[in-house]
Amino acid sequence: MNFTSGADVPELLSLENIRGQLIRLEDTIIFLLIERAQFAFNHKIYEAGAFKDEIGFDGSWLEWFLFETESFHAKARRFTSPDEHPFTPLARLPQPIIKPQNFPSLLYQPAATHPSVNVNSRILNFYVEHIVPGITGVGKGKPGVVEDDGNYGSAATRDVEVLQALSRRIHFGMFVSESKFLSAPHDFIPHILSNPPNEEALAGLITKPAVEAKLLVRLANKARVYGCEMDADGRVVEVPDEEMGSRGKIDLAAVVGMYRDWVIPLTKDVEVDYLIHRLDGVPQSQIDEWMKGKKE
Ligand SMILES: C=C(O[C@@H]1C=C(C(=O)O)C=C[C@H]1O)C(=O)O
């Protein structure tokens with residue numbers, strides 16, 4: 001999101017603006033997945049210690065790529081932006097070499113910075129375990145699938161780009177939650193203050209099935225169009241959905257399944273975890289004020 005566009009806080013935090021950002025991120029994620037799908041699974045780059053002698057790093061080749069890339073980006077103040085969350089622990093990254101930008105205060109910081117709201121380790125795990133095999137055709141019993149093409153640098157470079165986009169998308173759940181909370185704080189407060197917090201009730205309040213259903217249809221259509229093949233004359237080569245994975249640029253089922261089974265559920269986990277900590281340190285007078293606004 002462009003936090004320095006001059007738009008005011010209510011405009012930046014409007015659910016319409018935030019949903020527009022999430023829709024735009026669908027394009028980014030689909031195109032980055034198409035780029036990663038050009039290379040083989042290359043399982044070795046996800047194995048901890050597989051390149052220890054070469055890189056002097058205990059983690060995997062990919063985790064080393066993340067560390068080196070995020071170290072460079074941290075110097076350029078990437079992680080001072082409220083919608084950026086590094087996979088490498090922030091304490092291990094260098095300080096920015098230029099002063100941070102003045103961003104408007106959009107999120108409630110005690111909630112936004114609570115460790116439970118950062119789900120990058122879960123994102124990395126589902127991506128390696130489920131997404132990369134799916135988009136590279138591994139484990140589907142297809143004949144002739146190359147599982148290791150030796151393009152370890154290219155594959156990891158694409159992985160870092162996909163992971164950073166997925167992390168932005170999923171942690172956008174904080175902005176969604178802040179927007180929904182401020183629009184009806186009295187609906188959320190009783191469930192946040194119950195002991196323990198009523199996570200099921202909070203999840204019920206933030207879940208919008210119609211929005212999710214429209215997303216999955218839109219996503220399949222985008223992946224079908226963005227991943228289609230064209231002949232030299234620019235004519236679309238018609239490919240059945242089920243053959244897109246082997247003949248097109250991307251496996252439609254893998255893209256839709258990723259959002260359905262991982263991206264949306266993790267986004268909602270971020271929304272709920274953010275809400276659970278939304279009242280941390282908030283004065284009782286403010287809570288009372290919010291509750292006065294309760295619809296009778
Ligand atoms: C992001 C939102 O919150 C929830 C999560 C969604 C998602 O991850 O795409 C969509 C709808 C809601 O269930 C929203 O309401 O737009």
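Counting starts at 1 for both ligands and their atoms, in listed order. Note that the coordinates shown come from a computational prediction; the quantities given were computed from them, not determined experimentally.
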- Message: Is there a polar contact between ligand 1 and T207, counting only N or O atoms under 3.5 Å apart?
- Response: no
Quick one: nearest non-hydrogen protein atom to [atom], plus distance?
atom: atom 4 (C) of ligand 1; value: E271 OE2, 3.2 Å
atom: atom 16 (O) of ligand 1; value: R19 NE, 2.6 Å
atom: atom 13 (O) of ligand 1; value: E212 OE2, 2.6 Å
atom: atom 8 (O) of ligand 1; value: R169 NH1, 2.8 Å

Just let me know how [X] lines up against ligand 1, side chain, backbone, both or neither, with a heavy-atom cut-off below 4.0 Å.
X: T267; value: side chain
X: V263; value: neither
X: L15; value: neither

In ligand 1, the atoms that come under 4.0 Å of a heavy atom of I206 are 3 (O), 4 (C), 12 (C), 13 (O)
Taking only non-hydrogen atoms of L215 and a 4.0 Å limit, the atoms of ligand 1 in range are 9 (O)
Test: R158 cationic atom under 6.0 Å from F39 six-membered ring centre, within 45° of axis:
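Negative - R158 is either too far from the ring of F39 or too far off its axis.
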Are L163 and L93 linked, directly or through other ILVMFWY residues, by side chains that come within less than 4.5 angstrom of each other? no
The side chain to side chain donor-acceptor pair (under 3.5 Å) partners of E68 (sequence neighbours excluded) come to W64
Would you please determine whether L22 falls within less than 4.0 Å of ligand 1 on a heavy-atom basis?
->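 Judged by the 4.0 Å heavy-atom criterion, L22 does count as contacting ligand 1.
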(message) Counting the benzene-type ring for Trp, do F31 and Y226 have ring centres under 6.0 Å apart?
(response)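 Yes, they do, as the ring centres are separated by less than 6.0 Å.
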Task: F51 ring center within less than 6.0 Å of Y152 ring center - done: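 Yes: the rings meet the under 6.0 Å criterion.
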Could you go through residues 124-131 and list every donor-acceptor pair under 3.5 Å that involves a side-chain atom there, pairing it with any protein atom two or more places apart or in another chain?
from, atom 1, to, atom 2, distance (Å)
Y127, OH, D159, OD1, 2.5

Q. Side chains of E178 and Y108: is there a donor and an acceptor less than 3.5 Å apart?
A. no
Answer with yes or no whether the side chains of N120 and S167 bring together a donor and an acceptor at under 3.5 Å. yes
